2 protein chains.
Amino acid sequence: MSPKRLHLITTAFALFYQKGVHAVGINEILAESGVAKKTLYHHFGSKDELVLAVLEYRDVCFRNWLQSRLEAAPVGIEKIDALFDALDDWFNDRVDVLLPFHGCFFINVSGEYSELEHPLHQQCACHKQLVVELIRKQVESFVADCEAVARLTNALSLLKEGAITVAYVQGDRTAAVKAKETARMLVAAL
Amino acid sequence: MSPKRLHLITTAFALFYQKGVHAVGINEILAESGVAKKTLYHHFGSKDELVLAVLEYRDVCFRNWLQSRLEAAPVGIEKIDALFDALDDWFNDRVDVLLPFHGCFFINVSGEYSELEHPLHQQCACHKQLVVELIRKQVESFVADCEAVARLTNALSLLKEGAITVAYVQGDRTAAVKAKETARMLVAAL
DNA sequence: CTGGTGGTAGACCGACCTGTCTACTTTTGT
DNA sequence: ACAAAAGTAGACAGGTCGGTCTACCACCAG
């Protein structure tokens, strides 16, 4: 990958994540990155294509980070703690690679492209699905029953999304801790 | 309230909710509503003021609807079923007053005004807090212990937000049902 | 040494943005 | 009855939008 291309993507991501996609113009990305307009349109056919590339980039960053956090935990219900501990670090800006917390980029972008059929919304949906799979794989490592795996994966995904929303919209940085408590009550019930 | 003012608010809400705030211009709202530009700027000092009024309007609509749904349920854990049944109706477009589902308007707007200090973001945070209080009041109707009320309210709020996100971003209209199942597992544990 | 690739700087295009303004009409309260 | 308030249509201003284009430069492989 061309370094200029990567630089455009990282700069665009930082701006989009902070201000929203529609609120950031091409010219602002160019000024911030110091790249020429022609170069941008050499790498990306349109702003939407750039946004798509940014989504793909963030997807890789985020899932790599989360996966490594989950895999670092010992097999068992500690995986659940690891999930919400990771979220807690994210919400409280202790994860450099994710940049300062401004909610979930994919939820934010979905809000700006609300038709499910829109390619950018679909990319967001795809990311969320991949994260669910990631969680499911961890759950499978310590739950045998197939039904129970599905139920716990569902529950953890819902709590995760809820925690992100509460942390972001209400600015409650303790949301991950609360979600962790809820998850523990849940596993105690199984 | 002037009928023109209300008409502007409802028209603006429909457009903002469908396309996002930044994606909808003043002129589009005027064309759709058939109101003159001067009239809009007579009632609202700026676009941001209109957005604020729209947030207040949606807040009232949404909480009135939810409150009536929750109060209609018999006291007890049926209140929990009522919460997620209401969400299910919302997600599947069976609630006319809420308009076709495009996620939570307040989450979407927060995504476009990401600084917590921004008045529009604060309005969104305020709405979420009021909904939490609404849920808490219902929980208090059938849970005595103060600690337990707080825990259950937290859990239900997280599941509610998670369900909204999953329903919207992934287009999973069954999210409320899944959240309801999770909530039931939770209360079974208490 | 030459042609392709990737790059820079920035003028330019038509469209659209928020917001102001003039000039005129309708409605309403006293 | 009459003035104030609320409404209409729409031109206009200054700026930004995404995107195209010209003209030029630096590098490197055949």
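What you see is a predicted model; the values in this text were computed from it and never measured. Below, all heavy atoms of this structure are taken into account, side chains as well, without hydrogens, waters or symmetry copies.
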How long is the line joining [atom1] of [X] and [atom2] of [N], in whole Å?
X: B:I26; N: C:dT20; atom1: CD1; atom2: C1'; value: 13 Å
X: A:L8; N: D:dG19; atom1: CG; atom2: C1'; value: 15 Å
X: B:E28; N: C:dA15; atom1: CD; atom2: P; value: 17 Å
X: A:R5; N: C:dT8; atom1: CZ; atom2: C1'; value: 19 Å

Detail all sub-3.5 Å separations between protein N/O atoms and N/O atoms belonging to nucleotides 26-28 of chain D.
none

Return a table of donor-acceptor pairs under 3.5 angstrom between the side chains of residues 164-171 of chain B and protein atoms on other chains or two or more places apart.
| unit_1 | atom_1 | unit_2 | atom_2 | d |
| --- | --- | --- | --- | --- |
| B:T165 | OG1 | A:T165 | OG1 | 3.4 |
| B:T165 | OG1 | B:E161 | O | 3.1 |
| B:Y168 | OH | A:S110 | O | 2.7 |
| B:Q170 | NE2 | A:Q129 | OE1 | 2.8 |

Ring pair (Phe, Tyr, Trp, His ring centres under 6.0 Å) test vs B:F62 passes for just one of B:F106, B:W90, B:Y57, namely B:W90

Going by heavy atoms in the side chains, are B:I80 and B:L186 under 4.5 Å from each other?
no

With no hydrogens and no angle check, is any side-chain donor or acceptor of [X] less than 3.5 Å from a backbone partner on [Y]?
X: B:S141; Y: B:Q138; result: yes
X: B:E112; Y: B:V21; result: yes
X: B:D93; Y: B:F101; result: yes

Nucleic acid contacts of residues 30-45 of chain A, taken as heavy-atom distances under 4.0 Å to DNA chain D
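Of all residues in residues 30-45 of chain A, the ones placing a heavy atom under 4.0 Å from DNA chain D are A:K37, A:K38, A:Y41.
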
When A:K180, A:R69, A:K79 are each screened for salt bridge (Lys or Arg N to Asp or Glu O under 4.0 Å) with A:D85, the one that passes is A:K180

Checklist entry - Using a cut-off of less than 4.0 Å, is there contact between a side-chain N or O of B:K4 and OP1 or OP2 of D:dG7? => result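 Answer is no, no contact under 4.0 Å.
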
Strictly below 4.0 Å: does A:N27 bring a side-chain N or O up to OP1 or OP2 of D:dC17? yes

Tell me, yes or no, whether the heavy-atom count around A:D145 atom CG, taken from other residues, nucleotides or ligands under 6.0 Å, exceeds 12.
yes

